[in-house]
Structures are given as structure tokens and as C-alpha cells.
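So the structure is just underneath, and the comments pick up after that.
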Amino acid sequence: MGTTDDGPGRSPTAISGQTQATSGAGAARGTGARGAANGARGAAGDSAAERGRINHMPGAGTPRAEAINAGRREMLTDSHRLHVKSLAERGAKRPRIGADAVCEALLRQGVEVFFGYPGGVVLPFYDVLGDYPELRHILVRHEQGGAHAAEGYARATGKVGVCLATSGPGATNLVTGIGNAMLDSVPIVAITGNVVGSLLGKDAFQEIDITGITLPCTKHNYLVRDANEIPRVFAEAFHIARTGRPGPVHIDLTKDALMGECSAEHPDSVDLPGFKPTFEGHPRQIRLAAQEIARSERPVILAGHGVLIADATEELRELAEKAQIPVAHTLLGVSAMDETNPLSLGFVGMHGWKHVNKTIQSADLLIALGMRFDDRVTGHVPTFAPYARIVHVDIDPAEIGKNVAVEIPIVGDIKRVLVALIPQVEAVAPEARAAYLAEIAAWRAESQKTPWHGSGAWRNGQLSADFVVSRIGDATGHDATIVADVGQNQMWTARYGGFRRPNSHISSGGLGTMGYGLPAGMGAAVGRPDKETWSIVGDGGLQMTVQELMTLVQEHIPLRIALLNNHKLGMVRQWQELVYAGNYHSSHLLGPDWCKLAEAYGVAAFRADSPEQVNGAIASARAVDGPALIEFCIAQEQNVFPMMPAGKGLSDLLEEQFEEPNQ
């Protein structure tokens, strides 16, 4: 509701004075029609002056209204920057502000690199960033790429990944990566800017309630409006992100918090009474688990991502070898055990190995370590592991009994639980499990005997995806970090990569985010420059984040990209073939000339469309000093088998009727 000059609520700052005009003055300017018109305008002026000017500012004259006006001026003028310029002209040192506190906090948390994209409200941060040369900023080409890069960095290094974006669309573009990190238990801190505090809720330009948006997909989030809160908030955020079950934490900083003077010091420690994860497993439960292992005849370990997060791969191997227990792994548990170990079975679930699924279904004891019994692992739960008692170890008590009922729950850190469990487990001689392991070996031979497996030719001599993946593994000595995108390429990578080093396999598990492979590979390559890094992607996923090729070039990141190009949304096409009676709607994918596109970005590009060209293309890409892309033109109709149909169990696998390839 507006106010008038002579009414209540008048704002003295909004009006400089009243304009006075007379009809006589208007008449004096001319005669005839022109003078009459001027006289009429003068009369209108008299009427407007009598009514008074209206101030339409809600609550005009109140402190709240003045704060909003000041905030709007700040969004347009950046008075802090003018103040800094004035100080510099006088030779004075600029004050420490919130943006400085952010940089200081990042350095205190051991951050060396982060992935960001600038915008209006975070410019105060970028304005001081040059004063902190220890912080490497990688300018991504899309904020989602920054979030996935932070994830890849965290997965490859075990450190907290960091990404940053401006308000509005910059912030919302981070959300997919934040959600992906939440479902895959990846420690990242996502930093966003927002409008000045007085404008929150006013729908200012590029304002969005990003705190409300990220609330369901973060471990915790903060809205910071005071510069002096920044040191405490950042210390807490990194602690929460990395402690217990890791995950994403979001910090939203108003522009005035970044610009405000900051006198608060950084805390030396963090104490959050409401956040006390359980690390030590209960002694009684651990003792019961040891007794279950002693009684079992067909035990199997199902290793999940938690084994890698807890750095418990050596303890996993020790337990398996001491008790002669075979080890299967979930998608995110790939690389938790050297796959050349005789006790390593491989990948379980919807597209896992048949012999692994059969082992789970015939087991009398299932020891689940750091996994959450995802539906792609269990299938129809009433038919899952029907003869097995289950020991479930997880640091997150919410996962115990959530999807599958278990007999022996143990809440605690995987490494600490195994350290306590192993001494209580009786050693088992290999011959005691010989018959059991021999049966599994026979199942393995059966599931690996398909004519095209590892041969390089699928049908009629076409290039097969499994051959490409296995050749990359062999060429890199199975020591490279391999990052998969989502879809068929993801399953082929997990099945045929031959992983031997912990954390050498990175993939989007819970959210299944297409477009993940390239930016996550970028982050992994930055985090582990001592390891060769490959991203194995499909043509659908690559088209979603292909702009990050330019980031690779600008930052000289030596990521190798293996594009498995079947000109299809491959997994969609596979389901349409097998479940929807061949109704191939919207699964054919038109794409660019990938080699020309890569070269336009400045990325070296190669192509292979036959088995004979694969090794040469891989060698050429590895020889490039910088990023490289290989387009592997694979068979368009190749599916991932076996396949567990939706609603079925691990015993209900679809298998292709393979044909011998033409010679």
C-alpha cells in the first residue's frame, strides 16, 4: 500500500521537496493553442502537487524498508569494492572480510583445489581469491560438472571435494551432483552464494531457496548471513561431510556475509553434541558374528562401498583368507578386493556375474560389509539369499534392517569392526572349503564361456564393448583409475575392468546419473595425478556434459575418454527389446562426428571400429600429453547379460542365446 507525502509513513529520504507550478507560468510561455496546452499542463501539475508523490515501498520509513533498499543498492553497486578501492588509494590495508574467512577455512581443511563457476553474488569471493595462491580454482563449463568433479576428486583421494556456484540457476545446477553424492556417501562441501540477507524471500534476481531445495539431499546445510559465522560453519561442515557415513554438506552464503568484516577466529576443534557416530562395534554382536562364521559351511562376504570408505580393504582380504570365504562385491564395492585373488568372485546383482548371484542364492551365511541392500543387488527381497543367515555391518544404523531383515546387526566402522572380529574367527584350511569353492569355480567357468567373451568379436566380427574395456585394463596394467558413466557402459566396465587397486573404480551408483563420467573423471585425474585416469562413457551420457572437454584443455588435465558409441540410449534400447516387445521409441540417438567435435575443443581424437584397431588406438591416446578421446564404434545391438528383470530375483536371470561369430 502506498503512502503520500503528507500522510502517515512518509519517507523523508524518498522525497527531496515539492514541485511548485502555476497556471500563470504556463500561460506566459505562449499564446493561442500552445499556451492553452501549457496552461493545462500547469493545472495538472498543481493537482499532482496537491495530491503528493506516492512512495510504493512496503513499510516505507521503517528500518526493514531501509534495509531492503540498502540491500538492493548493494546488489547493484558493491559498496565494499568501492571502500577497498578508496583504502588502496590512501595506502591503507583492506579489512578482513567474510570472503577471506572462506579462503582461510578451505586452506585449514586441507583443500588444495576446488571446482567453481563465478557469478554476481560470489564475486566478492573471487575478488579476494587471488590473494590465496595456494588454492587452485578450476573453472568448469557447467556447475553440474563442478559437482561431479568434486565427487570424482573425493572418491579418488579420500579427501573432501569442494564445488562452488553463484545463486539461482548456478546453485540449482549443483543439485544433481549433491544428490548423487548423498546416495553414494561421497564427502563434498557445496558452496553457493545468495542475495544479500535483507532481500531473502523478496524474489530478487537469481534468488532461490537453495537451502530448502538441498535439505532432503544433504547430510546438513547452512544459510550464513553473518561473516563472523563463517569460520565455525566451515569447520563444522567439513567435519560432518567426512565423519561417520560421509556425504554432502551445503553452505549458502549471502552476499553481505561475504562482504562483511570478519573478526571471528577459526576453531581448533569441532564438538557437535547431536552428531556422534558409532565407530566401535558392540563386542557381543562381533562375538556372535564369529560364531556364525564358525558354524557356516557356505559363507560368502558381500563387500560394499563402505569397505573402501573405511580403508578396510586389507582387513577384508585378511578375513577372507583366514576363513576361506569367497568375496562378492556391489557396484560401488568394485575394487575393494584385487580381482586376481582366488577368493574374489566379482560383481553381483541385476547385471552381475551369474556365478556370483548363484553363490549368494546358495549361501548359508551372508556377511554384508558397508552396503545397503539396494534393489539392484537383491531383486525381489523375499527370494534373496533364501538359505542364509545375514550379518550386516554398517556405520549408519538407519541402513540396518531398512531393506533386508538381518540376524546379526553390527553398527560401527568397517575397519574397526573387522579388526575386532578377525582374532575371534577360527582359521579354516583351504581343503575344508575345497568342494564349496570348486562348485563356485565350475559356475564361473560356465558364466564366462560365451563365445564372444573377451574375443573382440561379437556377431559378424563387430567390435564388442567387453573387449574394449578389458583391453584398456590390460594396457594400463590394471592400475589406472577408471570412471564409468551410467548405462550399459557402466555395467561393462564393472564386469570386465579387472580391478586390482582400491578406489580404482568410480561410478554413479544410487542416483545413476548420466553425464557423470567425464566430469567425475576430470576430478579423479586432478586428485590423483600419479595415476592414469580413464572415463568410459556412452554417447548418450557424453552429450550431457561434453562441454567439460574445454575444461580439460584449459587446465591441461590428462584424462583419456573411451567412448563406447552404439548410436543408442543403450540400456533403454535393451529394456525395450527384452521387456517392451521391441518397441524402440526414442532410443536411437543421433550424435555428432565425435572426432571432429573433440578436435574443435583441442582434444586429440582417435577412432576404432574393428578389434584390430583397438590396441593401437589405446596406445595412441596414452601417448598424448593432455586429454584424449577414442571413439569405439561398437555393435549397436549388443546387450549386457545376464539381466535380472524388474520384480524378479537373483535366480531369475535372462541370458542371451549366443551365436558363434562368423569367421
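Every heavy atom of this structure was used, including side-chain atoms; hydrogens, water molecules and symmetry mates were not.
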Would you check, one step at a time, whether the test side chain to side chain contact (heavy atoms under 4.5 Å, CB included) holds for I410 with L421? CA-CA 11 Å; I410 303 176; L421 174 64; over 6 Å; no
Let's go through M571 and M514 carefully: what are the C-alpha distance in whole Å and the side-chain angles of both, what is the deciding distance for side chain to side chain contact (heavy atoms under 4.5 Å, CB included) to 0.1 Å, and is it a yes or a no? CA-CA 11 Å; M571 192 61 79; M514 287 181 66; over 6 Å; no
Would you check, one step at a time, whether the test side-chain hydrogen bond (donor to acceptor under 3.5 Å, both in side chains) holds for S362 with R298? CA-CA 8 Å; S362 68; R298 301 178 67 89; 3.1 Å; yes
Side chain to side chain contact (heavy atoms under 4.5 Å, CB included), that's the test. Do V348 and V377 meet it? Break it down for me. CA-CA 6 Å; V348 70; V377 168; 4.2 Å; yes
After noting the C-alpha distance and the side-chain angles of V526 and R136, does the key distance pass the side chain to side chain contact (heavy atoms under 4.5 Å, CB included) rule? CA-CA 11 Å; V526 170; R136 179 186 178 189; 3.9 Å; yes
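A heavy-atom distance below 4.5 Å is not found between the side chains of W534 and T493. Counting heavy atoms from C-beta outward, M644 and L650 have side chains that approach closer than 4.5 Å. Within the 4.5 Å cutoff, side-chain heavy atoms of Q424 are placed close to those of R287. Inter-residue side-chain proximity for L365 and V391 is flagged as met; some heavy-atom pair is nearer than 4.5 Å. No side-chain heavy atom of S651 sits under 4.5 Å from any side-chain heavy atom of T383. Residues I561 and L552 form a side-chain contact, since some pair of their non-hydrogen atoms from C-beta on lies under 4.5 Å apart. A 4.5 Å side-chain heavy-atom check between W492 and I634 finds at least one atom pair inside the cut-off. Counting only heavy atoms from C-beta outward, the side chains of F632 and I536 never approach each other to under 4.5 Å.
A donor and an acceptor atom, one from each side chain of Q490 and S507, are located under 3.5 Å apart. Under the 3.5 Å distance criterion, with hydrogens and angles disregarded, a donor-acceptor pair is assigned to the side chains of T481 and R501. In this structure, a donor-acceptor pair under 3.5 Å is absent between the side chains of T476 and E532. A donor-acceptor pair shorter than 3.5 Å cannot be found between the side chains of E236 and H239.
With rounding to the nearest 0.5 angstrom, the CG atom of L106 is 12.0 Å from the CD atom of E112. Summarising the geometry, atom CG belonging to L331 is positioned 5.0 Å from atom CE belonging to M491; distances are rounded to the nearest 0.5 Å. F234 CZ to R108 CZ: the interatomic distance, rounded to the nearest 0.5 Å, is 13.5 Å. Distance CD/Q638 to CG/N566: 9.0 Å, rounded to 0.5 Å. Rounded to the nearest 0.5 Å, atoms CG (L345) and CG (L302) are 10.0 Å apart. Note that NZ of K358 is 13.5 Å distant from CZ of R444, once rounded to the nearest 0.5 Å.
A distance-only check finds no donor-acceptor pair linking the side chain of E315 to the backbone of K415 [under 3.5 Å]. At distances below 3.5 Å, not a single donor-acceptor pair connects side-chain atoms of H305 with backbone N or O atoms of A336. For H355 (side chain) and S447 (main-chain N/O), no donor-acceptor pair under 3.5 Å exists by modelled atom type. In this structure, the side chain of T218 does not engage the main chain of P248 through any donor-acceptor pair within 3.5 Å. Between the side chain of E548 and the backbone N or O of L518, no donor-acceptor pair lies under 3.5 Å. Formation of a donor-acceptor pair under 3.5 Å by the D485 side chain with backbone atoms of G517 is found in this model. Looking at H329, its side chain never comes within 3.5 Å of a backbone N or O of I301 through a donor-acceptor pair. Side chain of T378 to backbone of V381: no donor-acceptor contact under 3.5 angstrom is found. At distances below 3.5 Å, at least one donor-acceptor pair connects side-chain atoms of D652 with backbone N or O atoms of G649. Side chain of H392 to main chain of I367: no donor-acceptor pair is present (N/O by atom type, distance under 3.5 Å, no hydrogens or angles).
A salt bridge links R317 with E321: at least one charged nitrogen is closer than 4.0 Å to a carboxylate oxygen. A salt bridge is absent between D184 and R372; no separation between the charged side-chain nitrogens and carboxylate oxygens falls under 4.0 Å.
Residue pairs meeting the salt bridge (Lys or Arg N to Asp or Glu O under 4.0 Å) criterion with at least one member in residues 386-404, sequence neighbours excluded, are R245-D396, R245-E399, E292-R389, E399-K402.
Annotation for I178 and C217: closest pair CG2-O, 3.3 Å, computed over non-hydrogen atoms. Heavy-atom minimum distance, V419 versus P423: O-CD, 3.1 Å. The two residues D364 and S296 come nearest to each other via the heavy atoms OD1-CB, 3.4 Å. Taking each heavy atom of A608 and L463 in turn, the nearest pair found is O-CD2, 3.8 Å. When all heavy atoms are compared, the tightest approach of I395 to G244 is CD1-CA, 3.7 Å. Across V404 and I390, no two heavy atoms sit closer than the pair CG1-CD1, 3.7 Å.
A perpendicular orientation is assigned to the rings of Y153 and F115, their planes being inclined by more than 60° (bins at 30° and 60°).
Counting non-hydrogen atoms of neighbouring residues, nucleotides and ligands closer than 6.0 angstrom, the CD atom of Q285 exceeds 12 such neighbours. The local environment of CD in E407 is crowded, with over 12 non-hydrogen atoms from other residues, nucleotides or ligands closer than 6.0 Å. More than 12 heavy atoms of other residues, nucleotides or ligands shown are found within 6.0 angstrom of CZ on R500. The neighbour count for K648 NZ, taken as heavy atoms of other residues, nucleotides or ligands under 6.0 Å away, does not exceed 12. Taking a 6.0 Å sphere around OH of Y387, one finds it holds 12 or fewer heavy atoms contributed by other residues, nucleotides or ligands.
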